[in-house]
Every structure is written in structure tokens, then in C-alpha cells.
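Heads up, the thing below is written out as C-alpha cells.
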Amino acid sequence: MSKNALIVGANGQDASYLAEFLLEKGYKVHGTIRRNSVPESQTTRIEGIRESGLIDLHYMDLTDTISVDSVVKETQADEIYHLAAQSHVQVSFELPKYTLDVNSGGTLAILEAVRRFSPHSKVYHAATSEMFGNSCDADGFQRETTPLIPVSPYGCSKLYAHSLCHNYRNAYKMFICSGILFNHESPRRGINFVTNKTVLEAVKIKLGMSKKLVLGNLYSKRDWGHAKDYVEAMWLMLQQDKPNDFVIATGETRSVKEMVKYVFSKLGMNWEDHVQTDKKFERPEELDYLRGDPTKAKQLLSWKPKYTFESMMDEMIEYWLKELKK
Ligand code: NAP
Ligand code: F7E
């Protein structure tokens with residue numbers, strides 16, 4: 001019999017790739033969406049599979065525990081992928097309480113619902129490299145054992161949720177994996193994250209539709225991978241015999257400036273002619289440097305990314321060139 005999966009936050013970047021991945025594997029897929037005043041923006045990333053009736057959608061908001069209980073109880077999923085969050089770091093400084101309510105309180109609601117109504121479900125929790133803050137091992141990498149000292153309300157909210165996952169795993173013997181994923185991007189990335197913002201604006205400049213790109217801190221460094229590779233790692237974690245935590249990263253790091261330079265030069269332009277900075281895009285506290293060590297995932301999950309930084313950025317550039325020329 002085919003397995004049954006529930007994706008919490010089905011219209012997110014990762015969720016949309018994960019839904020396609022699970023459908024290809026023959027899963028019955030359920031997903032949750034929130035109520036939105038513009039109904040067409042609730043399912044933009046999953047339009048194809050929604051229209052074909054391949055995904056069973058349920059309304060759920062993480063701040064409404066009644067809805068969380070109902071969906072978990074009704075779906076009785078073999079695997080629950082909890083991907084929903086207020087996921088923007090800068091916004092978390094402006095909406096700290098909401099970020100905490102959704103990311104920490106929402107995770108508690110999911111874990112409690114699973115414990116009470118669907119204890120056989122295996123749970124994946126979307127933790128993040130933002131939990132490390134500026135801590136780093138002596139060799140310049142962050143790994144599963146690196147101290148977690150977050151520097152944003154978002155990072156703090158995810159650390160609380162990550163700790164709850166450990167607590168529920170140990171206290172109630174639940175199968176809960178917490179994936180410590182480093183930044184991952186794609187053409188489906190929200191356009192207020194730095195990679196997709198840069199690509200979209202650079203392509204507009206190239207096509208004569210815009211004149212400048214305004215960014216914040218160009219000197220922070222990130223370990224950027226592709227969302228499609230990272231959702232496979234989520235699935236692999238839930239196929240193991242025992243629940244565990246894994247760092248998922250490429251092991252490479254680049255500054256925002258290097259990423260910007262790559263995009264503009266790929267489009268045949270000099271970035272310095274078009275990029276300006278504005279303090280309004282800087283955070284009150286910045287996470288300066290990320291470089292993950294994915295050795296544990298490579299050894300125990302046999303996980304290996306297919307995309308390189310260049311092939312990922314090229315795909316995003318191609319996507320926007322095609323979209324904007326339409
Ligand atoms: P995303 O595109 O921002 O998607 C987040 C999803 O959560 C959206 O579908 C959103 O619904 C939903 N959501 C937000 N608030 C909700 C609420 N109160 N109740 C129910 N659903 C809610 O995020 P992503 O990039 O795919 O990331 C997936 C997960 O991994 C997130 O938990 C994120 O924090 C974490 N993460 C991401 C990265 C990364 O680099 N992408 C790295 C590490 C960890 P709407 O569509 O209605 O807005
Ligand atoms: O920023 C700098 C910014 O917003 C990356 C989320 O998915 O990954 C993501 O969080 C860097 C930061 O991602 C702009 O200051 C400069 O240093 O693309 P971002 P993030 O904050 O690293 C982690 C792992 C998650 O878990 C999160 O959910 O780029 N930067 N100028 C800028 N960033 C933005 N957004 N916009 C700018 O104009």
C-alpha cells in the first residue's frame with residue numbers, strides 16, 4: 001500500500017518541490033494552506049499538482065491549535081513534513097512575537113497533536129543554520145555539534161522548536177528528525193530573499209525594465225544549495241531506522257557580493273554600475289558567516305547534492321529571463 005504524507009505549509013518553496021518528489025515516489029500527499037484574502041496566491045507554487053487533483057489540501061494555521069489537531073487526526077499520515085514558518089530573518093526583527101508564536105508555538109502544536117492523535121507518524125522538523133548565529137568550529141565549519149547561539153528572533157524561535165523536538169523524541173519515544181538546513185534557493189524562492197531578489201532585478205536591468213538593485217550587507221557569507229536537493233535529504237531522514245539530526249549544506253561559502261558579481265557577469269554586466277546599498281536592508285544583528293559540514297548526512301543518508309552554486313544560479317537566471325520576456 002502506498003504511504004501517506006502530510007506537508008505542513010504546502011505552498012512554500014521547499015514544500016512545492018517535496019510534494020512533487022513524494023508524488024513521484026507514489027505517496028498519497030496531503031498539504032496544508034492558510035486562509036488568504038487573495039485565494040490565487042495560496043497555491044501559486046503548487047498550481048500544477050493542485051489542478052490535477054494530486055494533492056489533498058486542508059486549511060490549517062499554526063496559530064490555531066484546533067486546526068492543527070483536526071488535520072493531524074484526520075490524515076493519520078505515515079510521514080509529516082513540518083515546513084511551515086515565518087521564514088524571513090529580517091522580518092522576524094519586526095514581527096518577533098508572531099515569529100515566535102508560529103515557529104515555536106506552531107511546532108509545539110504539531111508535536112502535541114502527533115503525540116495525542118497520530119503517534120505512529122514520523123515527523124520532519126525544518127530547523128536551520130540560523131540557529132548557529134555567529135558560532136563556528138575552529139576549522140571554519142558548522143556541524144551538528146557546534147554550539148547554537150542564534151542572533152535573530154527567527155533563529156531563537158527555531159532553536160526553541162528544535163529543542164522541543166529533542167524533548168518529545170526522548171520523553172515520548174517519538175520519531176522526530178530535525179534537519180539543520182543551510183540556505184537553499186531556487187526559481188521558486190521568495191523574491192525578498194537575497195538570491196532571487198538579485199537575479200530578478202539583474203534580469204530586469206538587463207532587459208531595460210529597471211536601473212538599479214538596492215541591497216543591504218554585501219559582506220555576509222552564506223552556504224547556498226538548491227531546494228530540490230535539500231528536500232530529498234528531508235525524505236531520506238525519515239527513511240532511517242532511528243530519528244536523528246542532520247546538517248544539510250554544500251560545504252562551500254560565498255559572500256553576498258560574490259553572488260551578486262556572478263549574476264551580473266553571467267548577464268554580461270558590471271555589478272558596480274548597478275548596485276547600491278541602503279541600511280534599511282541591514283539587520284539589527286547580522287549572522288556573518290555560514291559554512292556547513294554535511295559529512296554526517298553523506299555518510300548515514302548517502303545524500304549528495306546534484307546542483308552546484310553555478311548551475312543553481314544559472315537556472316534562476318534562465319527562469320527570470322524566460323518569465324520577463326513573456
Ligand atoms: P517559505 O517559502 O517561506 O514557506 C513557508 C510556508 O509556511 C508557506 O507555505 C507559508 O504559507 C507557511 N506558513 C507561514 N506561516 C504559517 C502559519 N501561521 N500557519 C500555517 N502555515 C504558515 O519557506 P521555505 O524556504 O520553503 O522553507 C521551509 C521551511 O524550512 C521553513 O520552516 C523555513 O523556516 C525552513 N528553512 C528554510 C531554509 C531556506 O534556506 N529556504 C533554510 C533552513 C530552514 P503562505 O504560502 O500562505 O505564506
Ligand atoms: O539573506 C544579506 C542578509 O534573507 C542572506 C532563510 O531561508 O536562510 C535564509 O535566511 C544574506 C543576509 O537569507 C539583502 O543580510 C543583503 O546576510 O536571503 P536572506 P537568510 O537571512 O540567510 C536561513 C538558513 C533560513 O533558515 C531562513 O529561513 O543576505 N542581504 N542585502 C540581504 N538579504 C535580503 N533578504 N535582502 C537584501 O536586500
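By convention here, the first residue in the shown sequence is residue 1. A quick note: this is a predicted structure, and the numbers were derived from the prediction, not measured. Every number for a ligand or one of its atoms is a count from 1 in the order of the listing.
- When each atom of ligand 2 is checked for a heavy atom of Ser129 under 4.0 Å away, the hits are 24 (C).
- Judged purely by distance below 3.5 Å, without hydrogens or angles, the side chains of His162 and Ser178 pair a donor atom with an acceptor atom.
- Ion pair Lys158/Glu130 not flagged as a salt bridge, since none of the NZ, NE, NH1 or NH2 atoms sits closer than 4.0 Å to an Asp/Glu carboxylate oxygen.
- A salt bridge is defined here as a Lys NZ or Arg NE, NH1 or NH2 lying under 4.0 Å from an Asp or Glu carboxylate O, and Asp78 with Lys28 fails to meet this definition.
- With respect to atom 31 (N) of ligand 2, the closest heavy atom belonging to the protein is Gly216 N, 2.8 Å.
- Between Glu130 and ligand 2, no N or O atom pair is found at a separation short of 3.5 Å.
- In this structure, Glu112 pairs ionically with Arg116, as a charged nitrogen and a carboxylate oxygen lie closer than 4.0 Å.
- A side-chain N or O of Thr308 and one of Ser311 form a donor-acceptor pair less than 3.5 Å apart.
- For ligand 1, residues of the protein lying within 4.0 angstrom by heavy-atom distance are Gly9, Asn11, Gly12, Gln13, Asp14, Arg34, Arg45, Met60, Asp61, Leu62, Leu83, Ala84, Ala85, Ser87, Tyr98, Val102, Ala126, Ala127, Thr128, Tyr154, Lys158, Leu181, Phe182, Asn183, His184, Arg189.
- Given atom 38 (O) of ligand 2, the protein heavy atom at minimum distance is Lys197 NZ, 2.7 Å.
- Nearest non-hydrogen protein atom to atom 10 (O) of ligand 2 is Val89 CG2, 3.5 Å.
- For Asn192, every heavy-atom contact with ligand 2 shorter than 4.0 Å involves the backbone, none the side chain.
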Output side-chain donor-acceptor pairs under 3.5 Å for residues 297-305, partner residues at least two apart or in another chain, one line each.
unit_1: Trp303; atom_1: NE1; unit_2: Asp229; atom_2: O; d: 3.0

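- Nearest protein heavy-atom contact of atom 5 (C) of ligand 2 is Val194 CG1, 3.7 Å.
- Side chains of Asp101 and Thr63: no donor on one and acceptor on the other come within 3.5 Å.
- A salt bridge does not link Asp61 to Arg35: none of the charged nitrogens lies less than 4.0 Å from a carboxylate oxygen.
- Within the 4.0 Å heavy-atom shell around ligand 2 one finds His88.
- With salt bridges taken as basic N to acidic carboxylate O contacts below 4.0 Å, none links Asp288 and Lys221.
- A distance-only check finds a donor-acceptor pair linking the side chain of Ser152 to the backbone of Gly155 [under 3.5 Å].
- Contact annotation for Val256 and ligand 2: only side-chain heavy atoms (C-beta onward) come within less than 4.0 Å of the ligand.
- Taking only non-hydrogen atoms, the option from Met131, Arg283, Glu282 nearest to atom 4 (O) of ligand 2 is Arg283.
- Taking a cut-off of under 4.0 Å to the non-hydrogen atoms of Thr128, the atoms of ligand 2 that pass are 23 (C), 24 (C), 25 (C), 26 (O).
- With respect to Lys266 and Glu310, no salt bridge is recorded, no charged nitrogen being found less than 4.0 Å from a carboxylate O.
- Residues Glu232 and Tyr17 bring no donor and acceptor atom of their side chains to less than 3.5 Å of each other.
- Here atom 15 (O) of ligand 2 lies nearest to Glu286 when heavy atoms of Glu286, Lys158, Lys280 are compared.
- Of the protein's non-hydrogen atoms, Asn183 ND2, 3.1 Å is the one closest to atom 8 (O) of ligand 2.
- Atom NZ of Lys257 sits in a sparse spot, with 12 or fewer heavy atoms from other residues, nucleotides or ligands closer than 6.0 Å.
- Of all the atoms in ligand 2, the ones that sit under 4.0 Å from a non-hydrogen atom of Phe281 are 38 (O).
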Pair up each side-chain donor or acceptor in residues 270-286 with any protein partner under 3.5 Å, not counting sequence neighbours, and list the distances.
unit_1: Asn270; atom_1: OD1; unit_2: Glu272; atom_2: N; d: 3.3
unit_1: Asp278; atom_1: OD1; unit_2: Lys280; atom_2: N; d: 2.9
unit_1: Glu286; atom_1: OE1; unit_2: Arg222; atom_2: NH2; d: 3.4
unit_1: Glu286; atom_1: OE2; unit_2: Asn217; atom_2: ND2; d: 3.0

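- Of the polar atoms of Ser220, at least one N or O is found under 3.5 Å from an N or O of ligand 2, judged by distance alone.
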Considering only distance and modelled atom types, tabulate donor-acceptor pairs under 3.5 Å from the side chains of residues 318-326, sequence neighbours left out.
unit_1: Trp320; atom_1: NE1; unit_2: Asn196; atom_2: OD1; d: 2.8
unit_1: Glu323; atom_1: OE2; unit_2: Lys326; atom_2: NZ; d: 2.9

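- Atoms of ligand 2 lying under 4.0 Å from any heavy atom of Asn217, numbered from 1 in the order shown and given with element: 2 (C), 16 (C), 30 (N), 31 (N).
- Looking from atom 27 (C) of ligand 2 to the surrounding protein, the closest heavy atom is Ser87 O, 3.3 Å.
- Looking at Gln13, its side chain does come within 3.5 Å of a backbone N or O of His184 through a donor-acceptor pair.
- Protein heavy atom closest to atom 12 (C) of ligand 2, with residue, atom name and distance, is Arg222 NH2, 3.5 Å.
- Looking only at protein heavy atoms, the nearest one to atom 7 (O) of ligand 2 is Arg189 NH2, 2.9 Å.
- Here's the thing with Thr195: none of its N/O atoms is less than 3.5 angstrom from an N/O atom of ligand 2.
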